[in-house]
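Here is the structure we will look at, set down as C-alpha cells.
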Amino acid sequence: MIDILTPLIQSPKLQEHFIRLKDYIGEERKRRKDFYEFETEDKKAEFINGAVVHHLPATDEHESSSLNLASLLHFYTVVNKASRVTHETIMIALTRNNYKPDICFFSAAKAKKFKEGQKIFPAPDFVVEVISRSTEKIDRGVKFEDYALHGIKEYWIVDPKHKTIENIYW
C-alpha cells in the first residue's frame with residue numbers, strides 16, 4: 001500500500017492532493033446517499049467506486065443457474081436450521097461500495113441481527129456471482145478484491161456459458 005502512496009507523500013503538492021481527495025470522498029458519499037434514496041427493488045443497480053452501475057436483465061442461463069443454486073442452498077439452510085440465503089434481492093453495503101450479489105449466505109449469528117424492513121445488509125459469509133459478458137470484469141475485479149477485504153469467507157464465480165464454478169476461499 002505504501003508503494004502507491006509514496007509519490008503522493010513525496011510530492012510538494014501533498015496538501016493539494018489531500019484536499020482534492022477529501023472533496024472527492026465527500027462528493028462520493030453524497031452520490032451514495034442519493035443512490036440509497038432512488039434505488040428500488042425492481043432495478044438491478046449497484047454503487048461501485050462512486051458510480052451507479054445498472055445491469056442488463058439476466059439471460060435465461062444466468063437466471064436458471066442462480067435460481068437452481070440458490071434453491072439448493074436454501075434447502076440446506078432450512079434442513080440444517082443453519083442460516084439465511086438470499087437470491088438477487090438484497091443490497092450489501094461494504095466500506096465504499098454497494099452490491100446486489102446473485103446469492104448471499106449469512107451465518108445464523110449474522111442473520112439473527114437483521115431487523116424487519118431492513119434494506120441494507122452487512123457483508124455475508126459467502127457470495128455467489130453468476131458472470132456474464134457485461135459483469136465478468138467487475139465480478140473478477142473490484143468485487144473480488146472488495147469481498148476479500150471485507151472478510152467474506154468464500155466466493156464462487158459461476159460461469160453458465162462454460163458450466164464452471166470457481167471456489168475462492170480466503
Side-chain angles (χ1 to χ4, degrees), residues 1 3-4 28 32 35-36 38-170:
M1 179 77 147
D3 293 335
I4 294 170
E28 184 175 289
R32 192 175 192 185
F35 171 74
Y36 287 149
F38 297 109
E39 175 60 16
T40 62
E41 292 176 10
D42 60 331
K43 287 191 246 174
K44 178 78 174 195
E46 299 174 310
F47 190 82
I48 303 174
N49 293 340
V52 177
V53 177
H54 295 276
H55 296 287
L56 298 171
T59 63
D60 183 53
E61 296 82 11
H62 179 286
E63 177 61 20
S64 179
S65 297
S66 65
L67 183 59
N68 288 340
L69 186 53
S71 297
L72 289 169
L73 289 169
H74 178 72
F75 179 74
Y76 171 83
T77 61
V78 169
V79 167
N80 293 288
K81 297 180 177 104
S83 56
R84 175 153 176 221
V85 172
T86 63
H87 178 247
E88 298 191 18
T89 57
I90 68 160
M91 177 77 63
I92 62 170
L94 304 182
T95 305
R96 184 175 179 204
N97 299 310
N98 292 74
Y99 304 115
K100 281 188 173 178
D102 293 312
I103 301 170
C104 291
F105 177 95
F106 294 93
S107 68
K110 279 188 183 179
K112 280 183 190 176
K113 295 177 184 175
F114 296 167
K115 294 175 177 43
E116 189 174 331
Q118 184 170 333
K119 291 184 178 183
I120 307 294
F121 294 83
D125 298 284
F126 168 53
V127 170
V128 176
E129 293 287 4
V130 179
I131 62 170
S132 65
R133 279 187 300 137
S134 64
T135 66
E136 184 171 11
K137 185 177 178 183
I138 292 170
D139 293 339
R140 293 185 184 282
V142 67
K143 286 186 180 183
F144 180 94
E145 185 178 350
D146 227 359
Y147 292 162
L149 181 67
H150 287 86
I152 294 173
K153 297 173 187 161
E154 190 171 349
Y155 178 36
W156 288 8
I157 297 174
V158 175
D159 184 342
K161 181 179 177 184
H162 295 100
K163 297 182 179 8
T164 60
I165 297 176
E166 296 172 48
N167 302 358
I168 297 110
Y169 300 93
W170 289 288

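Quick note: residue numbers are just sequence positions, from 1.
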So with a 6.0 Å cut-off around CD of Glu145, is the heavy-atom count from everything else above 12? no

Within the side chain of Ser107, is there an N or O that forms a donor-acceptor pair under 3.5 Å with the backbone of Lys110? yes

Less than 4.5 Å apart, side chain to side chain, heavy atoms only: is that true for Tyr147 and Glu129? yes

Are more than 12 heavy atoms from other residues, nucleotides or ligands located less than 6.0 Å from atom CZ of Phe75? no

Met91 side, atom CE; Phe47 side, atom CZ - distance, nearest 0.5 Å: 10.5 Å

Contacts of type side chain to side chain donor-acceptor pair (under 3.5 Å), residue Ser83, not counting sequence neighbours: none

More than 12 heavy atoms of other residues, nucleotides or ligands under 6.0 Å from NZ of Lys153: is that the case? no

Checking Ile103 against Trp156 for the side-chain contact (heavy atoms from CB on, under 4.5 Å) test, could you report, in this order, the C-alpha distance in whole Å, the side-chain angles of both residues, the deciding distance, and whether it holds? CA-CA 10 Å; Ile103 301 170; Trp156 288 8; over 6 Å; no

Only pairs at least two apart or in different chains count here, so list each salt bridge (charged side-chain N to carboxylate O under 4.0 Å, His left out) that has a residue in residues 159-170. Arg140-Glu166

Which pair of heavy atoms, one from Glu39 and one from Ala45, lies closest together, and at what distance? OE1-CB, 3.4 Å

Between His87 and Ser66, a side-chain donor and acceptor under 3.5 Å: yes

Sidechain-backbone polar pair: Thr77 side chain, His74 backbone, donor-acceptor under 3.5 Å: yes

In terms of relative ring orientation, are Phe121 and Phe106 parallel, tilted or perpendicular, with 30° and 60° separating the classes? tilted

Give a yes or no on whether a salt bridge exists between Lys143 and Glu46, defined as a side-chain N under 4.0 angstrom from a carboxylate O. yes

Give a yes or no on this: more than 12 heavy atoms of other residues, nucleotides or ligands lie within 6.0 Å of atom OH of Tyr76. no

Output for pair (Leu69 CG, Ile165 CD1), nearest 0.5 Å, gives 6.0 Å

Pairs involving residues 76-96, ordered by first then second residue, that meet salt bridge (charged side-chain N to carboxylate O under 4.0 Å, His left out) (sequence neighbours left out): Glu28-Arg96

Test Asp146 against every option in Asn97, Thr95, Asn49 by the side chain to side chain donor-acceptor pair (under 3.5 Å) rule and name the one that passes. Asn97

Check: Thr135/Asp139 side-chain N/O donor and acceptor closer than 3.5 Å: yes

Are side-chain heavy atoms of Thr59 and Ser132 found at a separation under 4.5 Å? no

Return the minimal non-hydrogen interatomic distance between Val85 and Ala70, and the atom names on each side. CG1-O, 4.1 Å

Could you tell me if the side chain of Pro101 sits less than 4.5 Å from the side chain of Val128, heavy atoms only? no

Steps toward side-chain contact (heavy atoms from CB on, under 4.5 Å) verdict (Tyr99, Ile48): CA-CA 8 Å; Tyr99 304 115; Ile48 303 174; 3.7 Å; yes

Measuring from atom CD1 of Ile92 to atom SG of Cys104, what distance do you get when rounded to the nearest 0.5 angstrom? 5.0 Å

Any chance you could measure Asn98, atom CG, to Phe35, atom CZ, to the nearest 0.5 Å? 5.5 Å

Over all heavy atoms of both residues, which pair between Pro160 and Ile131 is shortest? Give the atoms and the distance, please. CD-O, 3.6 Å

Within-4.5 Å side-chain heavy-atom neighbours: Phe126 and Leu73: yes

